[in-house]
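Report on the following structure.
Count residues from 1 along the sequence. Computed from heavy atoms alone, side chains included, the values below leave out hydrogens, waters and symmetry copies.
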Amino acid sequence: MTITLVVAAKRTAAEGVAHLTLRAAGGGPLPPWTPGAHLDLVLGPGLVRQYSLCGDPADRYAYEIAVLREPASRGGSRHVHERLAVGDKVDARGPRNTFELVPAKRYLFIAGGIGITPILPMLAEAERLGAAWRLLYGGRTRASMAFRERLAADPRAELCPQDETGLLDLDRWLGEPSSGTLVYCCGPAPLLDAVEARCAGWPPGSLRVERFAPRDGAEPGPGEEFEIELARSGLTLRVPPGRSVLSVVEEAGVPVLSSCREGTCGTCETGVLDGVPDHRDSLLTQEEREAGDTMLICVSRASSSRLVLDL
């Protein structure tokens with residue numbers, strides 16, 4: 001569903017970070033969301049970007065996002081920082097949540113840079129649930145760390161600017177597996193890779209991550225041609241090497257929502273009714289991959305000669 005929002009406020013949350021409050025253009029309540037959810041902002045033709053919601057889910061009249069100005073921007077962050085102004089309208093899709101906060105007794109949250117945005121509402125939700133939590137939050141400098149004033153006063157949060165403390169001491173935080181503790185991590189790829197490596201010995205399902213970009217090696221090779229059957233549309237199509245399932249389905253005139261087209265946002269997640277997917281995304285958990293009943297058709301292919309999709 002597409003909704004039209006208006007920029008109600010725009011301020012600086014940290015060095016290079018714009019904090020926006022968005023409201024329904026026509027007034028009235030907005031669709032509900034849960035911690036970890038994000039919006040797809042339609043910033044222009046072919047320019048759709050995902051931003052985590054960082055406000056209060058109980059406030060049905062405002063969405064809040066924080067956007068880092070990326071030096072190597074492909075257009076999204078530059079547009080938000082340079083062109084979006086208070087009073088401007090912007091179309092959005094969602095909210096959608098591929099980074100749900102699962103109930104647990106204890107949480108360990110690890111955020112790097114702008115990765116703090118989906119974590120913020122999770123902290124409040126953990127508090128509401130009465131769960132124990134700790135936060136490790138790293139950034140390049142203290143001035144670059146959004147919402148640092150709000151977090152610095154809480155003894156459960158440890159803020160670690162790299163120019164003051166060096167790299168995050170992950171061995172101290174993750175060296176010993178902790179039963180009953182879920183680890184949530186969001187930030188740049190090197191941080192996520194390091195956290196994944198250190199959580200390899202933790203109980204299965206302990207770690208949940210959200211990536212801003214595809215993991216290295218997430219889309220290996222063109223793969224072999226395979227057949228897809230679209231159960232609801234009654235079509236059978238061939239997916240050749242070098243083509244994505246998504247592009248073939250779109251070419252056949254079957255409408256599918258999509259956004260990032262690189263296996264990170266989850267917009268095109270599709271049910272698999274038969275066959276074995278070849279997962280090449282950067283989103284699904286190991287358990288979801290092993291179940292094989294869903295796939296991201298923008299990048300993933302088939303390990304079997306045929307897939308039956310819920311399309």
Side-chain angles (χ1 to χ4, degrees), residues 1-10 16-28 30-31 33 37-54 62-99 114 117-118 210-214 218-219 222 230 233 235 237 239-240 242-270 280-283 295-300 309 311:
M1 179 180 70
T2 299
I3 54 177
T4 300
L5 303 173
V6 61
V7 180
K10 184 178 183 181
V17 179
H19 181 194
L20 276 65
T21 299
L22 307 167
R23 301 187 186 277
L30 294 162
W33 61 281
H38 66 264
L39 279 179
D40 293 353
L41 288 192
V42 183
L43 301 171
L47 187 60
V48 181
R49 296 292 183 266
Q50 297 76 43
Y51 299 110
S52 297
L53 290 166
C54 60
Y63 290 150
E64 293 182 41
I65 61 171
V67 181
L68 173 67
R69 181 170 190 135
E70 297 279 3
S73 171
R74 294 176 297 165
S77 71
R78 185 184 308 117
H79 183 101
V80 170
H81 277 260
E82 296 180 5
R83 299 187 60 184
L84 267 190
V86 172
D88 286 351
K89 293 181 179 179
V90 59
D91 286 340
R93 297 199 295 256
R96 290 179 298 104
N97 200 338
T98 56
F99 195 40
I114 200 63
T117 49
E210 182 168 63
R211 292 179 177 269
F212 298 133
E219 301 177 55
L230 309 187
S233 304
L235 296 175
L237 307 169
V239 181
R243 291 284 304 279
S244 69
V245 174
L246 176 61
S247 68
V248 170
V249 168
E250 288 178 328
E251 187 176 74
V254 178
V256 180
L257 283 178
S258 65
S259 184
C260 74
R261 294 179 177 260
E262 55 186 19
T264 59
C265 76
T267 306
C268 69
E269 185 172 350
T270 300
R280 303 184 179 194
D281 64 274
S282 301
L283 178 68
M295 65 185 290
L296 271 61
I297 62 173
C298 63
V299 293
S300 295
L309 302 180
L311 288 171

message: Keeping Ser77 on the side-chain end and Glu70 on the backbone end, is there a donor-acceptor pair under 3.5 Å?
response: yes

statement: Nearest heavy-atom approach of Cys298 to Gly263 is SG-N, 3.3 Å

- prompt: Roughly how far apart are Arg211 CZ and Cys260 SG, rounded to 0.5 Å?
  reply: 13.5 Å

query: Closest heavy-atom contact between Ser258 and Leu246?
result: CB-CD2, 3.6 Å

- prompt: Listed by chain and number, what are the side chain to side chain donor-acceptor pair (under 3.5 Å) partners of Thr98, not counting sequence neighbours?
  reply: none

- prompt: Below 4.5 Å, heavy atoms only, C-beta onward: do Leu5 and Leu39 meet side chain to side chain?
  reply: yes

Partner residues of Ser247 under the side chain to side chain donor-acceptor pair (under 3.5 Å) criterion, sequence neighbours left out: Arg243, Ser244

- request: For Asp88, enumerate each residue passing the side chain to side chain donor-acceptor pair (under 3.5 Å) test, keeping only those at least two apart in sequence or located in another chain.
  value: none

- line: The side chain to side chain donor-acceptor pair (under 3.5 Å) partners of Arg96 (sequence neighbours excluded) come to His38, Asp40, Thr267

query: Does any non-hydrogen side-chain atom of Phe99 lie less than 4.5 Å from one of Ser52?
result: no

message: Minimum heavy-atom separation for Val245 and Ser300, please, with both atom names.
response: CG2-O, 3.8 Å

task: Report the residues that fulfil side chain to side chain contact (heavy atoms under 4.5 Å, CB included) with Thr270, sequence neighbours left out, ordered by chain and then residue number.
output: Ile297, Leu309, Leu311

- line: To the nearest 0.5 Å, atom CG of Leu41 lies from atom CZ of Arg49 at 10.5 Å

task: For the residue pair Thr117 and Tyr51, establish whether any side-chain heavy-atom pair is separated by less than 4.5 Å.
output: no

- request: Output all residues satisfying side chain to side chain contact (heavy atoms under 4.5 Å, CB included) with Ala18, sequence neighbours left out; order by chain, then residue number.
  value: Lys10, Leu20, His81

Set of residues satisfying side chain to side chain contact (heavy atoms under 4.5 Å, CB included) with respect to Glu269, sequence neighbours excluded: Leu284, Thr294, Leu296

statement: Rounding to 0.5 Å, atoms CG (Asp281) and CD (Glu262) come to a distance of 12.0 Å

- request: Check Ser282 against Thr264 and note the closest heavy-atom contact, atom names and distance.
  value: CB-CG2, 4.1 Å

Atom of Ala62, atom of Leu30 and distance for their closest heavy-atom approach: N-CD1, 3.6 Å

message: Quick check: closest heavy atoms across Gly94 and Ile3, and the distance to 0.1 Å?
response: O-CD1, 4.5 Å

message: If the condition is side chain to side chain contact (heavy atoms under 4.5 Å, CB included), which residues does Val42 pass it with, not counting sequence neighbours?
response: Val48, Asp91, Arg93

